[in-house]
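Some notes on the structure that comes next.
For clarity, every value in this text was computed on a predicted model and none was experimentally measured. We name chains A, B, ... by the order of the sequence lines, and we start the count at 1 in each one.
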Amino acid sequence: MNLHLFNLMPYRLLPQDFAERYRSVWVDIPRDLYDPAQGHGLYHEYIDQFVLADELGFDGICVNEHHQNAYGTMPSPNLMASILARITTNASIVVLGDSIALYNPPTRVAEEMAMLDVLSGGRLVAGFPVGTPQDTCVCYGMSPATLRDRYNEAHALIMRAFTEDQPFTFNGKYTKLRYVNLWPRTIQQPHPPIWIPSGSSVETWDFTLENDYVMCYLSFVGWERAAKNVSGYWKRADELGKDKNPYRLGFIQAVFVADTDEEAERLYGDHVKFFYNKCLRTWPGFVDLPGYRSLASIRAGLTAWKAPTEPMDVAWKDLVEDGSIIAGSPETVRRRLVEAAETLRVGQMMLLLQLGSMPPQLAELNMRMFMSEVAPHVRSMWSDHEDHWSPAPMANRFGVAPGSGRALGDERPI
Amino acid sequence: MARDLIEERVRVAGRVEVLVQRRGSGQPVLYLHGLDGVVGDGLFLDRLAEQFEVIAPAHPGWPGGGDGAFLDDPLDMALHYGDLIRDLGLGPVPVVGWSVGGMFAAELAAIEPDLVSAVVLISSYGLWDESVPTEDLFTLLPGDLRNYLWSDPNGALASAHHAVPSDPEMAIDLRFAGIVAMTGSAKYLWGIPDRGLSRRLYRITSPTLIVWGTGDRLIPATYAHRFQAAIAGSQVLTVDRAGHCIIREHPVEVADAIVAFVKARIDKEAIA
């Protein structure tokens, strides 16, 4: 099983009474809650955690795209990926990803992905989400009625740009280009692995399976609640005649390790509750937009409208018991993580080890304990399956001399 | 008094089949419905149908209107209604449009002036005033929307309209139809509902009546005067104690004003 570190880069300094005072952490959150001087430190803090992850041997480091959002302060994940491509050495750079319907022309995404792949020596995973309704339709003004159509067209254009050797014309509905000719080319041929972040859209299951992409189930509901949807995905794989290789599936899971179960709650409890009770507070009107979900999906799963929740007050115990988080002693975490991975049949485990207001010392403790006490016991899972979906970096890559910020001298390939 | 109602499916320009309601007889009048379809407009249409034959098609993309995927924007919709007028042999015809239907009626009158003999725009979308923005209806919670639709959101009319059927299947069907209608509306109104109509309003040459409720919380009544300023010779009628659902709150008053307006135009043309 591959173990990737995901970091949302939250603005972890929201006021304690945020949920009582404001309706949404996303879209229309007051700007004056962001202190750029603090933000300066936070970006560097999170980059340090990614660098540590590379040193500790995580298989991949994951960045993603959100807009006007306090729990994810990466409007452009490519900017962060670019830094990481330069200052890390071995980990896959997993960009999960660029919301390709938003970029005009979408070849800009292909170009930046190609830059990242070349810069990192072929360590890139290219992720192409449709994007959340908040990010795409509300913040970036895309009509939900045409978002998926734009996405499909952008995907077709980008994949042709990756793979065609000659300049070509592209006469799309949304993009018309006389000369498409991707420079630079990607190191990974014919293209970097494609991973598609998604929730539980039947259309996305089919899309990823038919194209042999990785489907990344990204939500914060935890593995137990996700199990029903994920079993639907595997059922669909069967129906489409695809093998049930666990490396087809990515899953994000928050994990917190300490010496004992009690110590985990003492160390991490308040920070995790900060995330669930404050950072997830989103105005429901920004979420369920007409046309975002296909009418077929809605018809299939239609239930009564749920009134907006009051500020949440989730307890640590509940988060642990319902699988939203996996937390406790190394033994507890190992047992639950294996249980989750087996239940979901997931080969690409994306771990959230920093969450909410968690300061860097704790996040780093969590990362170190995870890699020393948990990872060795779970990595061999799925070793009987071949991973077709991880990057294939070139052998002689540039590295950065620790502390210098400069490329290594003598080891430079000519 | 309820008119005999005929529903038929009409194929338009070989591209789409839409449900068309017909009421009354005599001079035809084309009615283009609002956000949620034609279903709640019975009293208003019945009153109009005492004097006219009222023809009320469903927009493609709304319940009853078939798949609207072949239409991208309000101009496409206007072309579709030009096709419908030709296919049904109605033109030139008075066109009454409410809300998003008003936007389509205005586009139609601008690009197919020979097919439209008079225009009535009721609480119409299509313009944008930065200083008085229209409400962002798609990010309102469903339970909150009614507060923006009615001048008296808790009155008997609003309560009857938003009542949930006791039969769960019917309740789900109704809710699903509402989602379909909002999905249709979002295509033309998403974000800032300005798709360039202001650049085309000068082309409207037919007599135009603009009707607005002074209590419209979705599109403030000041928009009536923006339409009036852009359409030569147009008249404005404002109605007090009326919200966006003006034709449901004041069906008789609004219908009678339209009858008088249209009849005056027809009589004038007959004399000429």
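Using a 4.5 Å heavy-atom threshold, the side chains of B/Asp72 and A/Lys173 count as touching. Within the 4.5 Å cutoff, the side chain of A/Trp283 has heavy atoms near those of the B/Leu141 side chain.
From A/Ser143, atom OG reaches atom OH of B/Tyr188 across 10.0 Å, with rounding to the nearest 0.5 Å. For the atom pair B/Ile179 CD1 and A/Asp288 CG, the distance stands at 7.0 Å (nearest 0.5 Å). In this structure, the separation between OG1 on A/Thr146 and CH2 on B/Trp190 is 10.5 Å, given to the nearest 0.5 Å.
Atom CZ of A/Arg108 has 12 or fewer heavy atoms from other residues, nucleotides or ligands within 6.0 Å. For A/Lys228, the NZ atom is loosely surrounded, since the number of other residues' heavy atoms within 6.0 Å does not exceed 12. Annotation for B/Glu169: atom CD does not count as buried by contact number, only 12 or fewer foreign heavy atoms lying within 6.0 Å.
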